[in-house]
Amino acid sequence: KVKWENGNTGRKIKGALGVNAEIRQSLEGIPYISAIINPDSIIHNDSLWFVSAGSIKGNLKRIEISDMNLYNKSQSIKIHGTAGKNATDVLHIDARNIEIATIFDLINFNKLEFSGNASGKADVTNALGKPDVKGLFNIEHFRINSCQMGTAEANLGWDSQSKAILIDTNIIGSNGTSTVKGFLSQ
């Protein structure tokens with residue numbers, strides 16, 4: 001069981017993850033891991049999240065993820081598919097009602113403050129090389145720097161070269177629709 005806690009920072013993150021893993025070498029001498037993730041829990045801020053049983057199998061070139069599910073009473077993220085170095089290796093991410101402030105907090109993006117609840121799907125290809133991410137999300141109660149914007153229909157991507165989040169979004173608010181195209185970077 002792996003346990004962690006981020007210490008006395010303003011945002012509490014702690015948890016435990018039970019894993020049964022077997023590591024062996026292929027005939028070519030390449031390490032291969034086969035792991036079963038046991039159900040467990042994580043605390044992020046004051047919210048209790050659960051991890052459902054899942055599996056991870058692979059090597060340094062290709063990792064297969066099955067049924068990885070992180071959820072609480074109103075939000076969930078499911079990850080499944082293959083992380084690899086080819087465009088044909090696809091990792092699927094399904095999100096339901098995820099508070100986007102949590103995502104930006106986890107990736108340590110703090111130039112702007114975003115909030116709202118996102119539901120949608122993203123696909124990551126070439127995750128172990130130069131990742132290509134394409135996602136479509138509906139974000140309810142979308143806010144930027146605490147200013148209510150409306151509902152966002154966001155096409156998002158990732159530019160590996162500039163390490164930026166690509167944005168093509170329509171925001172439907174009480175005064176009409178706004179279109180935002182561009183990128184976010186550190």
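Note that this is a predicted model, so its numbers are computed, not measured. All heavy atoms count here, side chains included; hydrogens, waters and symmetry mates do not.
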Engineer: To the nearest 0.5 Å, what is the distance between NZ (Lys85) and CG (Leu128)?
Structural biologist: 7.0 Å
Engineer: About how many Å separate NZ of Lys57 and CD1 of Ile65, when rounded to the nearest 0.5 Å?
Structural biologist: 12.5 Å
Engineer: If I take atom CD1 from residue Ile33 and atom CD1 from residue Ile23, how far apart are they, to the nearest 0.5 angstrom?
Structural biologist: 4.5 Å
Engineer: Could you tell me which non-hydrogen atom of Ala95 sits nearest to which non-hydrogen atom of Phe137, and how far apart they are?
Structural biologist: CB-CE2, 4.1 Å
Engineer: Considering only heavy atoms from C-beta outward, does the side chain of Asn38 approach that of Ile36 to under 4.5 Å?
Structural biologist: yes
Engineer: Given the rule in the side-chain contact (heavy atoms from CB on, under 4.5 Å) test, do Ile42 and Lys14 qualify, once you have shown the distances and angles that lead to the verdict?
Structural biologist: CA-CA 6 Å; Ile42 297 170; Lys14 76 177 202 175; over 6 Å; no
Engineer: Kindly state each residue pair satisfying ring-ring contact (aromatic ring centres under 6.0 Å, His included) with at least one member in residues 142-186, sequence neighbours excluded.
Structural biologist: none
Engineer: Are any of the side-chain heavy atoms of Ser115 and His141 separated by less than 4.5 Å?
Structural biologist: no
Engineer: Taking only residues at least two apart or on different chains, which pairs with a member in residues 54-94 satisfy ring-ring contact (aromatic ring centres under 6.0 Å, His included)?
Structural biologist: Phe50-Tyr71, His80-His92
Engineer: Under 3.5 Å, is there a donor-acceptor pair between the side chain of Glu28 and the main chain of Ile30?
Structural biologist: no
Engineer: Set out, in order, the CA-CA distance, both residues' side-chain angles and the distance that settles side-chain contact (heavy atoms from CB on, under 4.5 Å) for Val90 and Thr82, then state yes or no.
Structural biologist: CA-CA 5 Å; Val90 182; Thr82 304; over 6 Å; no
Engineer: Which pair of non-hydrogen atoms, one from Asp40 and one from Gly18, has the smallest distance, and what is that distance?
Structural biologist: OD2-N, 3.2 Å
Engineer: How would you list all residue pairs meeting salt bridge (charged side-chain N to carboxylate O under 4.0 Å, His left out) that involve residues 131-146, not counting sequence neighbours?
Structural biologist: Asp132-Lys134
Engineer: Would you indicate whether the side-chain heavy atoms of Asn86 and Asn126 approach each other to under 4.5 Å?
Structural biologist: no
Engineer: When rounded to the nearest 0.5 angstrom, what distance separates CG in Leu112 from CG in Leu184?
Structural biologist: 6.5 Å
Engineer: Which atom pair, heavy atoms only, marks the closest approach of Asn59 to Pro31?
Structural biologist: CB-O, 3.2 Å
Engineer: Just how far is it from atom CG of Asp168 to atom CG of Asn170, taken to the nearest 0.5 Å?
Structural biologist: 7.0 Å
Engineer: Measuring only between side-chain heavy atoms, which start at C-beta, is Asp67 closer than 4.5 Å to Lys78?
Structural biologist: yes
Engineer: Could you tell me whether the side chain of Ile139 reaches within less than 4.5 Å of the side chain of Ile100, counting heavy atoms only?
Structural biologist: yes
Engineer: Shortest non-hydrogen contact from Gly54 to Met68?
Structural biologist: CA-SD, 4.2 Å
Engineer: Carefully, step by step, assess Asn97 and Ser119 under the rule side chain to side chain donor-acceptor pair (under 3.5 Å).
Structural biologist: CA-CA 5 Å; Asn97 204 34; Ser119 295; 5.0 Å; no
Engineer: Between Glu22 and Ala35, is there a donor-acceptor pair closer than 3.5 Å when you use the side chain of the first and the backbone of the second?
Structural biologist: no
Engineer: Is there a side-chain contact (heavy atoms from CB on, under 4.5 Å) between Asp123 and Val133? Walk through the geometry before answering.
Structural biologist: CA-CA 6 Å; Asp123 287 336; Val133 180; over 6 Å; no
Engineer: Can you find a heavy atom in the side chain of Ile167 that is under 4.5 Å from one in the side chain of Leu156?
Structural biologist: yes
Engineer: Check whether any side-chain N or O of Arg96 sits under 3.5 Å from a backbone N or O of Ser74 as a donor-acceptor pair, and report yes or no.
Structural biologist: yes
Engineer: Could you pull out the closest heavy-atom pair between Ile77 and Asn69, with the gap in Å?
Structural biologist: O-OD1, 3.1 Å
Engineer: Compare all side-chain heavy atoms of Asn72 with those of Ser47 and state whether any distance is below 4.5 angstrom.
Structural biologist: yes
Engineer: Set out, in order, the CA-CA distance, both residues' side-chain angles and the distance that settles side-chain contact (heavy atoms from CB on, under 4.5 Å) for Ile172 and Glu153, then state yes or no.
Structural biologist: CA-CA 8 Å; Ile172 301 120; Glu153 296 171 347; 3.6 Å; yes
Engineer: If I take atom CG from residue Leu70 and atom OG from residue Ser52, how far apart are they, to the nearest 0.5 angstrom?
Structural biologist: 8.5 Å
Engineer: Quick one: do Val19 and Ile79 end up in the same hydrophobic cluster if we chain Ile, Leu, Val, Met, Phe, Trp and Tyr together by side-chain heavy atoms under 4.5 Å apart?
Structural biologist: yes
Engineer: Do you know which two heavy atoms are closest between Ile144 and Met149, and how far apart they sit?
Structural biologist: N-CG, 4.0 Å
Engineer: Answer yes if Leu91 and Leu60 sit in the same cluster of Ile, Leu, Val, Met, Phe, Trp and Tyr residues linked by side chain heavy atoms under 4.5 Å apart, and no otherwise.
Structural biologist: no
Engineer: Are Phe104 and Ile171 connected, step by step, through hydrophobic side chains (Ile, Leu, Val, Met, Phe, Trp, Tyr) whose heavy atoms are closer than 4.5 Å?
Structural biologist: yes
Engineer: Can you tell if the side chain of Thr125 reaches within under 4.5 Å of the side chain of Asp89, non-hydrogen atoms only?
Structural biologist: no
Engineer: Can you tell me if Asn145 has over 12 outside heavy atoms packed within less than 6.0 Å of its CG?
Structural biologist: yes
